[in-house]
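To keep things clear, I will list the structure first and then write my remarks on it.
Sequence lines set the chain letters: A, B, ... in the order given, protein chains first and strands last, and positions in each chain run from 1.
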Amino acid sequence: MRSESSCQFETERGKASRLTETAAAAVMPVHVAVGGASAGSQVPAHLTRIPISLVSTDTDCSDKTVQGKVLHKGPLVSLEDDGFLLKIIIQEEEGSQPDSISVVVFGGVAQRLSEAVRLEDVVVASGFTVGKSPTFHKDKLHPCNLYLSGDAACVYVSRPPPAEPKTQTANKRSSSHAEVPTAAKVPKYSYVPLSELKPENVVNVYGVVVFFKQPFRTRGTDLCSSLKITDQSNKKVCCTIFCSKLEDHPKIFQVGDIIRMHRVKTRLYNDSIALVNTFGFSAVTFDGTVGGDVEPRTSSRNIHFDEEDRRVVEELRSWAAAQTLLPPVPRIPLSAVQPKVYFDLTCQLLSKASIDSTCTLLRVWDGTRCPHPLLKVAVEPGISEGTYSIAKERQNLVANVLVYDNHVELARQLKPGSYLRIYNLRALPGASKLPGNTGNQSEEADCVVFHLHGGTAFGRGIRILPENSPNVQELKRITGSFTDDDFDVVLEQDDSAQLEIWCTPPESPDPVPVDCGTERSCSHGEAAVTLAELKRAGPRRVFHVRAQLRSYEPRRLHQALKLHCHKCQAMQDVPDDDAVAAVFSAACGETGPCGPTWALSGQVDVPAGPSGPCGRTVTVYMSDQLMAEGKGKDLVYLLGVTLEETCRLASAFQSIVPVRSSGGRLALLDPPAPFLFRGTRRHYGCGRCSEAQVKEPCVEGVEAVDERIIAEALGVQLLQPRLLVKLELQDATDTLEVFLWRDAESFFHVSAEDVAANQEAQDRIRLVMDSLCPPGGSMAARPWLDLCLTAYAAEGRTCYQICNTVTRPAAAPSDPA
DNA sequence: GATTAGGCTTCG
């Protein structure tokens with residue numbers, strides 16, 4: 001059965017690996033035939049097939065097979081014992097309910113099947129066992145699962161030949177499937193009238209679209225299509241489709257389109273039946289025009305569509321045409337636009353430009369002339385994609401569409417030249433609200449500009465129309481009547497020579513003087529580049545940019561303070577008080593007898609605090625040498641103190657090293673406790689690089705006993721406080737993530753040590769950030785920043801940090817010094 | 001086998 005000729009892999013990769021595949025097939029019980037050979041033809045003759053509907057835990061599985069088309073393929077899961085698991089769902093094409101079942105495959109078969117099988121393949125499984133489906137109560141798929149593991153497990157895979165492009169008529173379908181015995185019988189899909197839907201069923205339905213939203217991004221992982229359909233039963237049903245891929249969503253262009261959906265689940269929501277897609281979901285749509293071609297719109301390569309379907313579509317078309325259920329289609333040309341109306345515009349995209357992160361400008365036309373002057377939105381040539389020149393008297397053919405918020409993501413992907421339908425576009429009169437348009441108000445007062453507001457209400461959105469759609473054909477006919485003299489479209493290139501209608505964008509740095517929040521202090525001769533240019537530039541060390549601050553992290557600015565080890569370059573957060581207090585508490589119990597020979601011990605009273613115990617006495621050690629010099633209080637070692645007590649005693653001594661007793665000797669507290677307290681400042685050691693031991697510091701000839709001398713004496717690698725802020729920059733062309741690190745202190749005019757010790761210094765950082773990025777303020781309110789960026793490689797990618805840049809007095813609070 | 005949204009205009 002496993003002949004060379006049955007393994008006809010058609011892809012290049014397949015050809016290259018044919019030998020390996022064939023060799024693998026000899027040991028792995030997964031058999032693949034591509035290009036029309038049926039799975040059944042490979043199966044040994046002694047095996048008999050049973051329908052999926054008859055599979056139960058009582059089934060005698062020996063010498064039995066189950067066959068079905070792959071509706072779903074899960075990920076290959078690695079199991080703890082080095083094995084693999086793969087779950088697929090197969091559907092029997094001509095079966096009665098329940099006709100689908102989950103097949104769970106283990107081991108090497110799972111691994112190989114995962115490589116070999118694709119959606120829509122037909123598989124035959126043998127050597128399985130039957131178990132209860134743990135998810136049947138939820139998915140209603142089948143009460144049982146099939147399990148394949150061990151030597152007996154075997155899967156035969158066959159792949160239908162690639163679908164013919166474009167129309168797949170019933171005739172073509174049956175001929176291409178003729179070799180596959182199981183598919184030669186016409187698959188029967190039954191469609192439930194919308195009035196007969198009952199909750200919690202998986203069904204197939206037909207309907208006329210009466211409302212729809214183009215797929216929009218959800219908060220979850222998918223895009224969501226929302227639609228409402230109706231049929232001759234006059235029942236209206238809401239449908240929600242979740243798919244991660246845009247192409248899997250129904251291709252709905254307008255109200256009145258006909259939709260067919262397979263495998264949608266009925267649910268009760270707000271006392272009405274609603275539909276949601278479920279495993280194996282597919283949708284096909286048709287234009288709703290009576291008498292028009294019945295051309296299925298789908299990205300699925302393999303659909304069932306026959307004369308019966310054609311009849312259903314035509315019946316729905318005629319029925320809908322006789323109803324008044326469809327709202328008047330608000331699709332009007334530019335020539336019919338009135339200010340303030342919402343409408344759908346079918347147009348061609350000529351060029352586009354990103355205005356800021358929440359707004360993209362689309363320049364479009366539909367070949368008709370708007371009766372109102374069309375507002376010219378200012379854009380500099382460098383940021384526009386696709387440009388054109390146009391005779392002055394024809395300028396009223398080009399409409400400026402400002403696309404906001406959630407629609408920007410899709411607008412970014414649009415290519416000039418493509419045909420679009422923009423849904424729920426609004427014509428807005430006047431231009432006074434547009435940023436940067438400082439022109440003659442009276443001249444602009446009569447102007448019209450188009451807004452696609454944020455959100456998806458009323459189906460607001462954009463759809464790319466296929467070239468063969470009737471609306472696009474019509475559009476091409478109109479726009480094609482213009483000669484090059486009238487309208488010279490130059491796509492996908494930038495031509496700054498054709499500048500007469502372009503001017504400066506509101507957020508473009510160059511000609512508009514705006515207050516700048518920072519200045520560079522470097523002597524590089526670099527010219528400023530846009531963020532897009534920076535990203536395109538090859539490896540370079542230094543860039544100068546002009547940008548605004550879009551956002552930053554951490555928002556809680558005290559978290560910008562880090563502890564950095566010079567030796568191992570490790571960086572850590574400043575430990576929080578709870579963690580530190582816990583180490584102190586644990587050390588309080590370790591106060592056994594110990595007496596370093598170089599120190600005198602004594603007792604000290606802890607001053608009363610707001611909450612702590614009053615009048616407690618703790619042991620203190622002082623260096624002989626320091627005492628001899630009259631500097632005994634400059635450095636003390638405190639045994640068995642809490643964090644709170646240490647803080648209270650910090651005003652009595654210059655330096656405090658908290659200690660514990662360990663095996664008759666003094667020892668430092670473990671990280672994350674600071675090893676040293678000096679006034680309000682705490683000093684920490686690197687856990688990795690320190691070899692701490694409690695010793696007497698050598699202070700001969702030393703003027704002041706500071707943290708460095710103490711750290712050195714104790715074998716502690718001192719952690720330095722540093723500031724680290726991540727900023728997201730933005731200009732008209734792009735955004736860029738940069739760090740403030742090396743030069744953060746000069747940028748903020750503050751030292752990290754001060755930030756660690758006092759509130760005033762922390763407030764200064766807050767003030768600077770608030771001036772660069774005012775809370776609640778719009779981008780327009782934010783100052784432009786002149787920045788010097790240096791590029792460096794980290795973790796295999798290029799990172800950027802702000803260097804040689806300081807905030808200007810306008811942005812920074814005045815320096816009291 | 002989770003979650004998403006659950007129509008219902010607008011900051012610009």
Regarding the side chain of A/S226, the nearest nucleotide among B/dT9, B/dG7, B/dG12 is B/dG7

query = Base, sugar-phosphate, or nothing: which does A/R219 touch, judged by heavy atoms less than 4.0 Å apart?
reply = sugar-phosphate

With centres under 5.5 Å and planes under 30° as the test, does A/F242 stack with B/dA5?
no

Checklist entry - How would you label the contact of A/F279 with the nucleic acid (heavy atoms, under 4.0 Å): base, sugar-phosphate, or nothing? => result base

Worksheet item: Going by 5.5 Å between centroids and 30° between planes, is there a stack of A/Y342 over B/dT9?
Response: yes

*salt bridge (charged side-chain N to carboxylate O under 4.0 Å, His left out) assessment of A/D121 paired with A/K73*: CA-CA 10 Å; A/D121 284 352; A/K73 177 186 170 189; over 6 Å; no

Side-chain atoms of A/Y269 come closest, of B/dT3, B/dG1, B/dG6, to B/dG6

To the nearest angstrom, the CG-C1' distance between A/L361 and B/dG12 comes to 13 Å

Rounded to whole Å, the CG-C1' distance (A/N406 to B/dT9) equals 13 Å

When rounded to whole Å, the CG to C1' distance for the pair A/L227 and B/dC8 reads 16 Å

### Task
For nucleotides B/dT10 and B/dG6, find the distance between their C1' atoms and express it as a whole number of Å.
22 Å

A/N145 atom CG is separated from B/dG1 atom P, nearest whole Å, by 10 Å

Of A/A457 and A/L452, the one whose nearest nucleotide on DNA chain B sits closer to the 5' end is A/A457

**Q.** A/Y191 side chain to A/H262 side chain, donor-acceptor N/O pair below 3.5 angstrom
**A.** yes

>> Tell me whether the side-chain N or O atoms of A/K213 pair up with the base of B/dG7 as donor and acceptor below 3.5 Å, since no angle test is needed here.
In response: no

With sugar-phosphate meaning primed atoms plus P, OP1 and OP2, does A/R460 contact a base, only sugar-phosphate, or nothing at under 4.0 Å between heavy atoms?
base

- Message: Testing the 3.5 Å rule here: is there a donor-acceptor pair between the side chains of A/R363 and A/N400?
- Response: yes

Picking from B/dT3, B/dC11, B/dA5, the nucleotide nearest the side-chain atoms of A/D405 would be B/dC11

The nucleotide from B/dC8, B/dG12, B/dG1 with an atom nearest the side chain of A/H451 is B/dG12

Side-chain atoms of A/T240 come closest, of B/dG12, B/dG1, B/dA5, to B/dA5

Closest to the side chain of A/T358, out of B/dC8, B/dG1, B/dG12, is B/dG12

Exactly one candidate in A/N406, A/N424, A/D344 meets side-chain hydrogen bond (donor to acceptor under 3.5 Å, both in side chains) with A/R460; the answer is A/N424

Quick note, A/F216 side chain, CB onward, closest among B/dT10, B/dT9, B/dA5 is B/dA5

A/N400 atom CG is separated from B/dG12 atom C1', nearest whole Å, by 14 Å

Rounded to whole Å, the CG-P distance (A/L428 to B/dC11) equals 11 Å

From NE2 of A/H407 across to P of B/dC11 the rounded distance in Å is 11 Å

Per atom distances to the A/T218 side chain, the nearest of B/dA2, B/dG12, B/dA5 is B/dA5

Taken to the nearest whole Å, NZ/A/K228 to P/B/dA5 is 19 Å

In A/V124, A/V123, A/I90, the residue satisfying side-chain contact (heavy atoms from CB on, under 4.5 Å) with A/V66 is A/I90

ring-ring contact (aromatic ring centres under 6.0 Å, His included) filter on A/H249, not counting sequence neighbours, yields none

**Prompt:** With sugar-phosphate meaning primed atoms plus P, OP1 and OP2, does A/T456 contact a base, only sugar-phosphate, or nothing at under 4.0 Å between heavy atoms?
**Reply:** nothing

- Message: With no hydrogens and no angle check, just 3.5 Å: does a side-chain donor-acceptor pair link A/D231 and A/S233?
- Response: yes

Would you mind classifying the nucleic acid contact of A/I89 as base, sugar-phosphate or nothing, using non-hydrogen atoms under 4.0 angstrom? base

Nearest-nucleotide check on DNA chain B, A/G455 vs A/D222; residue mapping nearer the 5' end is A/D222

